[in-house]
Amino acid sequence: MVNAAIPKLLVGVLTTLNANLAQNVTNGASEWGTLSAQKFSKFLTNNPLPDGYPWSTLTATNADPYTQAPVTGVVRHYDWTISRKTLAPDGVERPMIVVNGAFPGPTIEANWGDWIEVTVTNGLEDEGTSLHWHGLLQTETPWFDGVPGVQQCPIAPGSTFTYRFRADLYGTSWWHSHYSAQYSSGVLGPMIIHGPNHLKETEDYDIDLGPVLLTDWYHRAYFDIVEDVMGTDINSIIAAGSSENNLINGKMNFNCSNTNLPCTEGAGISKFEFTTGKKHRLRLINAGSEGQQKFSIDEHSLTVIARDFVPVEPYTLNMVSLGIGQRLDVIVEATGSSGSSYFMRSTIETNCTRSSQPYALAAVYYPDANQTALPNSTPQPDTRPDCTKPDYPLESTVPIYKITPAETPDLTYEIELSLAQNSSGNWVWFMSGSSFRVNFNEPVLILANKGNTSFPSNWNVYNSGNATNVRVILKNLFTVGHPMHFHGHNMFELASGTGTWDGTITNPENPPRRDTHMIPGSGYYVFQYVADNPGVWPFHCHIAWHVSGGLYVNLMEHPDKIAQNMKIPQIMHQTCRDWAAFSNTTVIDQIDSGL
Ligand SMILES: *[C@@H]1O[C@H](CO)[C@@H](O)[C@H](O)[C@H]1NC(C)=O
Ligand SMILES: *[C@@H]1O[C@H](CO)[C@@H](O)[C@H](O)[C@H]1NC(C)=O
Ligand SMILES: *[C@@H]1O[C@H](CO)[C@@H](O)[C@H](O)[C@H]1NC(C)=O
Ligand SMILES: *[C@@H]1O[C@H](CO)[C@@H](O)[C@H](O)[C@H]1NC(C)=O
Ligand SMILES: *[C@@H]1O[C@H](CO)[C@@H](O)[C@H](O)[C@H]1NC(C)=O
Ligand SMILES: *[C@@H]1O[C@H](CO)[C@@H](O)[C@H](O)[C@H]1NC(C)=O
Ligand SMILES: *[C@@H]1O[C@H](CO)[C@@H](O)[C@H](O)[C@H]1NC(C)=O
Ligand SMILES: *[C@@H]1O[C@H](CO)[C@@H](O)[C@H](O)[C@H]1NC(C)=O
Ligand SMILES: [Cu+2]
């Protein structure tokens with residue numbers, strides 16, 4: 001088993017805590033990871049507020065979160081430019097692609113029911129982009145989900161595009177580029193949506209410390225990694241997918257002897273402040289490219305209050321796991337005394353994925369602690385299973401808002417997930433025998449809106465027609481697990497395990513729900529959803545290298561409504577014309593599935 005103590009590899013690196021590098025060199029314009037980082041209130045008040053809460057009398061138990069988002073009449077506007085920049089988050093300089101010069105990128109913050117408007121200018125001279133708002137339903141705006149070739153054309157270089165969508169669920173999430181593996185070069189950031197609180201007074205938190213982004217880290221640009229990951233030699237593929245470091249809120253040190261790139265020792269680790277006796281909310285987000293994370297804080301326990309956008313009955317653990325794309329909101333009671341300090345740790349699960357430095361560290365300081373000294377604290381025992389097994393028992397996870405899914409679905413899909421060489425010898429992922437590839441120029445949603453639902457087979461479109469309750473039985477023929485993410489819905493997690501499903505459903509009265517689920521290695525994942533959201537919704541592995549390799553399907557629902565009732569804004573067509581003009585004169589080097 002992995003020993004959670006500070007490994008030998010890190011001992012030397014950690015002798016330097018004082019950052020030698022300025023924040024503008026490590027993280028650009030981002031303040032995450034510093035003691036001056038923003039803290040959050042229970043909701044935003046910088047708008048005309050009625051008395052009480054922005055969501056009025058709605059609570060976590062009296063309103064269906066999927067259909068009853070309040071109408072606040074408030075629009076939160078953001079103005080973003082995507083550009084290339086050299087940064088050194090861990091001291092190693094590397095080419096990055098960032099929003100407004102910051103890694104991690106800007107925070108989206110809203111109240112439940114607000115509209116969010118993000119104007120994006122693509123400042124890259126030679127490639128497209130497109131941003132996805134992870135976990136939101138996009139019920140009224142399925143064209144703004146941000147997946148190029150599925151709901152929109154990529155935003156062409158020099159073009160500007162405004163996303164306008166509703167904060168239709170509440171809790172913690174993130175946004176990221178969905179264009180190839182571009183987010184792995186830095187196009188990502190947190191998204192916080194305030195909503196009703198389901199906690200008893202004795203459980204409630206006092207201080208919201210905001211996002212804790214966990215990202216496995218690579219020193220090469222995404223394009224170079226993807227080129228190798230899509231190759232024919234399995235050893236080079238594994239080597240290319242192996243991360244070189246692991247960051248918390250964009251920071252960590254690195255031992256410069258292990259790279260030939262320009263490198264400065266002691267870039268610095270993230271710092272957090274705890275107040276003795278108070279309860280702190282931390283919003284854990286696995287925003288990495290490949291690795292499952294095991295997160296803990298020395299000598300403190302974590303009370304989970306929400307998984308993805310779903311508030312749950314609180315449960316307490318010393319260490320939690322998060323697959324890529326997953327979030328856990330946790331409350332940490334500050335039991336330490338004044339002057340003390342502790343390590344926060346996140347470790348990449350290395351039985352299934354590779355990393356030459358999987359241990360991320362941050363420091364938690366109590367009042368009067370020496371904020372430039374290293375903590376000297378005792379790690380939590382490693383209690384989490386590896387990624388071949390379910391991350392946390394589904395039967396122990398109870399959503400606060402109870403929903404009983406239909407016992408008998410109208411339609412069931414069985415999908416088999418496997419890795420094999422295609423006829424050119426490249427190792428790619430297959431979904432029931434078909435490896436996905438997108439056509440950036442012809443978004444599926446726009447074709448369906450024109451009444452065309454006959455697509456090439458490698459677009460992997462599953463058309464559920466008029467079905468209302470759809471079940472998917474996913475079988476993982478591969479030995480390692482995958483974080484399976486579904487857009488436009490939360491999934492009822494009916495069953496998940498190794499081997500073959502025996503037909504048993506976990507908590508059929510109120511199964512757990514989530515937008516990203518870790519399917520165990522050599523196992524199954526059975527989920528169901530209510531197809532009440534006409535659109536084309538990606539269901540894919542969130543490991544950047546796997547979705548690049550085709551581990552992806554489109555679940556299209558209610559094509560008749562898409563064709564008859566959907567008024568797709570003109571900007572969607574204009575974006576396709578701009579992309580057509582760009583791709584007419586520039587060869588798009590689509591080295592992967594496109595997503
Ligand atoms: C850095 O790594 C090198 C080579 O792997 C090792 O010999 C050295 O001890 C490490 N330095 C520190 C300070 O840990
Ligand atoms: C970082 O900021 C310092 C001042 O705080 C400035 O002197 C330096 O040039 C900046 N470096 C970069 C790379 O922007
Ligand atoms: C590592 O993964 C393999 C499957 O790939 C599994 O059989 C084994 O039990 C796992 N090892 C540990 C230490 O969990
Ligand atoms: C804080 O810790 C640093 C690093 O260990 C040390 O150099 C410094 O003297 C300490 N400051 C105080 C006030 O103890
Ligand atoms: C096999 O996969 C590679 C990598 O995606 C791709 O470039 C190639 O076109 C594929 N070959 C076939 C025959 O589909
Ligand atoms: C529908 O679109 C696909 C993809 O562009 C195309 O191959 C097909 O010919 C179209 N079908 C009709 C009926 O227009
Ligand atoms: C869906 O229902 C409509 C009527 O509500 C019907 O016209 C259409 O044929 C149905 N589509 C499918 C694919 O069954
Ligand atoms: C693409 O280029 C051709 C030849 O230059 C031109 O006729 C056509 O209109 C262009 N198409 C677009 C969409 O720009
Ligand atoms: Cu995967």
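Whatever order the structure lists them in is the order used to number ligands and atoms, beginning at 1. Computed from a predicted model, the values in this text were never measured in an experiment.
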Margin query: For atom 9 (O) of ligand 6, is there a protein heavy atom at a distance under 4.0 Å?
Written below: no
Notebook entry, point to check: Quick one: which of Asn439, Asn452, Val444 has a heavy atom closest to atom 11 (N) of ligand 6?
Noted result: Asn452
Next item on the list: Not counting sequence neighbours, which residues clear side chain to side chain donor-acceptor pair (under 3.5 Å) with Glu414? List them please.
Entry: Lys475
Next item on the list: Evaluate the 4.0 Å heavy atom contact test for atom 14 (O) of ligand 7: does a protein atom fall under the cut-off?
Entry: yes
Item checked: Given Pro154, Ser180, Ser177, the one that forms side-chain contact (heavy atoms from CB on, under 4.5 Å) with Pro148 -> Pro154
Next item on the list: Go through the side-chain N and O atoms of Ser236 and Asp233 and say whether any donor and acceptor fall under 3.5 Å apart.
Entry: yes
Next item on the list: List the closest protein heavy-atom neighbour of atom 7 (O) of ligand 7: residue, atom name, distance to the nearest 0.1 Å.
Entry: Asp560 OD2, 4.7 Å
Checklist line | Closest protein heavy atom (residue, atom, distance) for atom 3 (C) of ligand 7 | finding: Asn466 ND2, 3.5 Å
Notebook entry, point to check: Going by distance alone, is a donor N or O of one side chain under 3.5 Å from an acceptor N or O of the other, for Tyr66 and Asn490?
Noted result: yes
Next item on the list: Heavy-atom contacts with Ser454 under 4.0 Å: which atoms of ligand 6 show up? List them by number with element.
Entry: 1 (C), 2 (O), 3 (C)
Note to self: Out of all atoms in ligand 1, which are within 4.0 Å of some heavy atom of Asn258? Include the element for each.
What the structure shows: 2 (O), 4 (C), 5 (O)
Margin query: Under a plain distance cut-off of 3.5 Å, with no hydrogens placed, do Gln293 and Asn246 share a side-chain donor-acceptor pair?
Written below: yes
Note to self: I need the nearest protein heavy-atom contact for atom 4 (C) of ligand 6: residue, atom name and distance, please.
What the structure shows: Glu442 OE1, 3.7 Å
Checklist line | Test item: side-chain donor near acceptor, Thr129 and Asn122, under 3.5 Å | finding: no
